[in-house]
Amino acid sequence: MNNTAPDLISERVLVLDFGSQYAQLIARRVREQNVYCEIVRHDISAETVKSRAPMAIIFSGGPSSVYEANAPKCDPKIFDLGIPILGICYGMQLLSQSLGGKVTSCSQREFGRSRLQVKSMERLFAGFPHEIDVWMSHGDQVNDLSESFDILASTPTCPFAAVRHKTKPIYGLQFHPEVSHTSLGSSLLHNFLYNIASCEGKWHLSDFANRATEHIRGIVGNDRVICGLSGGVDSSVTAALLYKAIGSQLTCILIDNGLLRKDEQSAVISEFTNHFKADLRVVDASDRFLNELAGIKEPQEKRRRIGYSFIDCFKLEAVKINGAKFLAQGTLYPDVIESGAAPDGPAATIKLHHNVGGLPEQLGFELIEPLRDLFKDEVRKLGLELGLPEHLVWRHPFPGPGLAVRCLGEITKEKLTILREADDIVVSEIKNAGLYRQTSQAFAVLLESQSVGVMGDARTYERAVAVRCVNTDDFMTADWSHLPYDLLARISTRIINEVRGVNRVCYDISSKPPATIEWE
Ligand code: XMP
């Protein structure tokens with residue numbers, strides 16, 4: 001099922017992605033203004049754009065230079081559609097060049113804060129002060145503005161920092177309104193969407209929930225749906241939405257694959273039975289999964305075996321409940337874009353997400369993915385709308401393949417027990433310190449290596465645990481959390497004292513990129 005069906009969205013904005021690391025951020029910022037927004041390829045045709053009837057188009061930034069031979073371009077007919085366009089950074093340079101201006105490399109590349117002087121307080125800058133801080137990140141800039149444009153704002157080094165076409169609804173910004181360092185960046189987007197593109201703000205999650213439930217009912221009819229429940233926010237919200245839509249036609253299945261966190265199975269069961277009346281089946285498949293994984297060290301192979309085992313378990317359960325036609329999954333919009341599965345989505349496939357691209361072809365089910373248009377923060381809001389409790393909605397993400405991605409090398413029951421205990425200490429100490437909501441994800445990783453230590457007066461040769469704790473908005477980039485030393489010390493002491501088989505604890509201080517959040 002694809003909830004991008006036109007009946008669910010009455011007002012949309014398209015972001016043309018020129019390879020920007022901020023394209024998703026732009027889309028989220030637009031949605032924060034209650035306007036639905038999608039990311040599409042930069043070379044989408046003008047006809048396709050027209051058929052999607054967007055209220056506005058935003059050109060993202062990008063790493064290329066518009067004057068290079070293979071620089072990404074847009075269909076020039078887009079400029080004649082009469083649809084308001086906002087070009088950001090590379091997007092601004094592209095539209096300026098396409099409409100008669102000249103772009104060159106700056107004598108000094110500019111990264112970071114800059115002071116913007118606003119010259120025209122109308123429409124785009126309505127209600128703005130004369131000066132604001134903006135965030136710049138560019139090595140090129142427009143150095144010869146076509147006469148068809150007016151200058152709206154400048155910085156000391158960038159005379160054409162904000163421009164407007166004289167006769168078309170086309171605007172360009174050299175700085176980034178989407179990043180939080182640009183003060184009033186969201187007001188600027190608001191002005192573009194409401195003053196220039198005449199949006200009315202029709203994207204509300206409560207409406208989305210109502211329309212999505214009707215849509216689900218229409219698709220499912222009298223059939224049954226099974227929904228894999230992991231206890232994470234995505235699958236819980238998926239289940240809540242489906243339960244609202246089809247009630248007793250939903251069967252939720254919790255597969256204990258032996259790779260869950262400590263006490264996870266009982267926690268999910270009690271959460272679930274407290275909040276839904278839907279049918280819940282708990283399948284203990286831990287032996288099956290651990291047998292499949294025995295002796296396997298290679299991370300991708302582990303993932304593949306876990307993926308197939310999950311589907312096999314679902315199939316067996318579906319037979320037990322007299323057949324289910326649909327399988328519901330909590331796939332989110334970033335998964336769809338990153339896997340290159342979005343219609344007209346960005347060109348590059350960033351990773352094959354297990355939810356989207358990693359399933360066996362002969363699935364045997366039709367997929368229902370009611371959250372595939374939503375970002376994580378929207379899913380959390382939707383969860384609250386649907387009555388899920390705060391602590392569930394704010395749980396840190398836990399990967400589908402579970403502890404398998406955090407237990408490096410071969411997976412054994414003994415190693416999983418060590419990891420579970422260490423992980424429980426990390427999370428509970430962070431909770432006790434009142435820092436769970438301030439951090440985005442925190443967990444332990446069991447390393448393959450062993451090292452010499454001394455405990456009592458005896459030499460030990462035991463395992464090392466890495467503690468990973470990150471802060472991030474979107475899990476695409478992340479910084480390691482600067483946790484207080486005394487908290488780190490408590491975590492380390494407790495793990496070494498309480499978890500048999502560990503004599504060393506390290507704290508992972510790498511950011512993403514270049515590292516990833518999980519280790520594998
Ligand atoms: P990485 O390690 O790619 O992780 O920086 C980014 C976020 O994705 C989660 N993750 C997964 N989630 N299935 C999931 O449902 C997976 O296979 C998977 N792999 C990574 C990870 O925990 C982090 O939040």
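Just follow the structure's listing: the first ligand is 1, and inside any ligand the first atom is 1.
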* Structure fact -> With sequence neighbours left out, the residues meeting side-chain hydrogen bond (donor to acceptor under 3.5 Å, both in side chains) with Gln450 are none

* Asked: Counting from 1, what ligand 1 atoms have a heavy atom of Thr516 closer than 4.0 Å?
  -> 1 (P), 2 (O), 5 (O)

* Asked: Which is closest to atom 6 (C) of ligand 1 by heavy-atom distance: Lys512, Glu518, Arg406?
  -> Lys512

* Taking atom types as modelled, find out whether Ser440 and Thr472 have a side-chain donor-acceptor pair closer than 3.5 angstrom. => no

* **ligand 1 atoms in contact with Phe475 (distance to a heavy atom under 4.0 Å)** => 6 (C), 24 (O)

* Asked: Got a second to check how far Tyr333's OH is from Gln24's CD, nearest 0.5 Å?
  -> 8.0 Å

* Asked: For Pro397 and ligand 1, does the shortest N/O to N/O distance drop below 3.5 Å?
  -> no

* Hey, does the side chain of Lys302 reach the backbone of Gly409 with a donor-acceptor pair shorter than 3.5 angstrom? -> yes

* Asked: Which part of Pro401 is near ligand 1, with near meaning a heavy atom under 4.0 Å away: side chain, backbone, both or neither?
  -> side chain

* Asked: Can Glu520 be said to touch ligand 1, with heavy atoms closer than 4.0 Å?
  -> no

* State which residues pass salt bridge (charged side-chain N to carboxylate O under 4.0 Å, His left out) with Glu390; sequence neighbours excluded, sorted by chain then number. => Arg437

* Distance-only N or O hit between ligand 1 and Ile517, under 3.5 Å -> yes

* Can a donor-acceptor pair be found between the side chains of Gln441 and His396 at a distance below 3.5 Å? -> no

